[in-house]
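Written out below as structure tokens is the structure these notes cover.
Numbering of residues begins at 1 and proceeds along the displayed sequence.
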Amino acid sequence: QVQLVESGGGSVQAGDSLRLSCAASGRTFSTYATAWFRQAPGKEREFVACIRWGGGSTSYEDSVKGRYTISRDNAKNTVYLQMNSLKPEDTAVYYCAADRYLTCSDREGAYTYWGQGTQVIVSS
């Protein structure tokens with residue numbers, strides 16, 4: 001069982017940066033692939049980025065490539081999402097999700113554990 005808690009959201013201006021954190025309980029978090037999804041108002045939740053268990057491989061949604069970086073610190077049981085050059089269209093609630101021994105997936109159904117989300121608002 002893993003519990004995930006996101007933090008780091010906030011209100012920023014276009015072009016600014018934010019770093020989201022996903023802190024996990026449990027001693028085996030290094031064996032969990034972790035992803036970030038986001039849901040904008042009135043839209044379905046969409047994949048943003050993922051990092052496989054062990055931290056070697058990452059994957060990104062096309063619109064965030066080159067601006068977002070996902071990373072993990074297994075000693076701290078935390079996965080990060082560094083978001084640079086933020087745009088108003090990045091405004092959403094950001095969720096982290098995890099599942100054990102999973103290779104990166106962009107499907108919501110691949111992940112068993114979800115956090116409650118953190119709000120990101122980007123103003124123009």
Side-chain angles (χ1 to χ4, degrees):
Q1 188 78 9
V2 171
Q3 292 184 325
L4 305 174
V5 179
E6 303 97 332
S7 62
S11 295
V12 298
Q13 296 291 316
D16 287 349
S17 298
L18 279 175
R19 188 177 79 161
L20 306 183
S21 299
C22 174
S25 63
R27 293 178 293 176
T28 60
F29 188 57
S30 62
T31 63
Y32 285 72
T34 306
W36 288 94
F37 289 78
R38 65 185 179 185
Q39 188 168 21
K43 296 187 177 181
E44 294 188 351
R45 191 155 55 184
E46 65 175 0
F47 170 79
V48 175
C50 68
I51 186 165
R52 75 181 296 272
W53 71 274
S57 175
T58 59
S59 179
Y60 297 92
E61 191 270 329
D62 285 346
S63 70
V64 307
K65 284 180 181 177
R67 299 190 297 123
Y68 289 16
T69 303
I70 189 170
S71 62
R72 68 190 305 153
D73 184 338
N74 290 329
K76 296 183 177 179
N77 274 9
T78 301
V79 169
Y80 303 99
L81 185 68
Q82 178 67 44
M83 306 186 295
N84 298 328
S85 302
L86 282 162
K87 304 175 181 181
E89 52 263 44
D90 296 319
T91 294
V93 177
Y94 284 71
Y95 300 88
C96 75
D99 211 289
R100 199 170 190 188
Y101 294 132
L102 179 69
T103 303
C104 267
S105 174
D106 60 1
R107 295 185 302 108
E108 289 188 46
Y111 299 91
T112 301
Y113 304 103
W114 290 80
Q116 294 300 306
T118 185
Q119 176 76 59
V120 171
I121 299 173
V122 185
S123 302
S124 58

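Here the CD-CD distance, from Q39 to E108, works out to 7.5 Å after rounding to the nearest 0.5 Å. Between the OH atom in Y95 and the CZ atom in F37 there is a gap of 12.0 Å [rounded to 0.5 Å]. One distance of note links NZ of K87 with OG of S63; it measures 7.5 Å at 0.5 Å rounding. Note that OG1 of T28 is 8.0 Å distant from CG of N77, once rounded to the nearest 0.5 Å. A distance of 11.5 Å separates OG1 of T69 from CZ of R19, quoted to the nearest 0.5 Å.
Between L4 and T34 the shortest side-chain heavy-atom distance does not fall below 4.5 Å. Residues E61 and D106 form no side-chain contact, since every pair of their non-hydrogen atoms from C-beta on lies 4.5 Å or further apart. Between V79 and Y32 the shortest side-chain heavy-atom distance does not fall below 4.5 Å. With a 4.5 Å cut-off on side-chain heavy atoms, R38 and V64 count as touching.
Side chain of E6 to backbone of G117: a donor-acceptor contact under 3.5 angstrom is found. Judged purely by atom type and a 3.5 angstrom limit, S25 uses its side chain to pair as donor or acceptor with the backbone of Q3. Within the 3.5 Å criterion, the main-chain N or O of R107 finds a donor-acceptor partner in the side chain of S105. In this structure, the side chain of Y60 engages the main chain of I70 through a donor-acceptor pair within 3.5 Å. Side chain of R52 to main chain of S57: no donor-acceptor pair is present (N/O by atom type, distance under 3.5 Å, no hydrogens or angles). Counting only distance, with no hydrogens or angles, the side chain of R72 and the backbone of A33 share no donor-acceptor pair below 3.5 Å.
Comment: K65 engages D62 in a salt bridge, judged by a side-chain N to carboxylate O separation of less than 4.0 angstrom.
L18 and Y80 fall into different hydrophobic clusters, where Ile, Leu, Val, Met, Phe, Trp and Tyr side chains are chained together by heavy-atom contacts under 4.5 Å. With hydrophobic clusters built from ILVMFWY side chains whose heavy atoms lie under 4.5 angstrom apart, Y94 does not share a cluster with F47. Residues V2 and I51 share a hydrophobic cluster, clusters being chains of Ile/Leu/Val/Met/Phe/Trp/Tyr side chains in contact below 4.5 Å.
When all heavy atoms of A49 and L81 are compared, the closest pair comes out as CB-CD1, 4.2 Å. Between A35 and C50, the shortest heavy-atom distance links the atoms CB-CB, 3.6 Å. Among all heavy-atom pairs drawn from S21 and T78, the shortest one is CB-CG2, 4.1 Å. Pairing each heavy atom of C22 with each of W36, the nearest pair is CB-CZ2, 3.6 Å. Of all the heavy atoms in P88 and A14, the pair that sits closest is CD-CB, 4.1 Å. Taking both residues in full, the closest heavy atoms of L86 and R67 are given as CA-NH1, 3.9 Å, listed atom of the first, atom of the second, then distance.
None of N84, T58, D90 except one satisfies the side-chain hydrogen bond (donor to acceptor under 3.5 Å, both in side chains) rule with Y68; the exception is D90.
Among residues at least two apart or in separate chains, side chain to side chain donor-acceptor pair (under 3.5 Å) pairs with a member in residues 111-124 are D99-T112.
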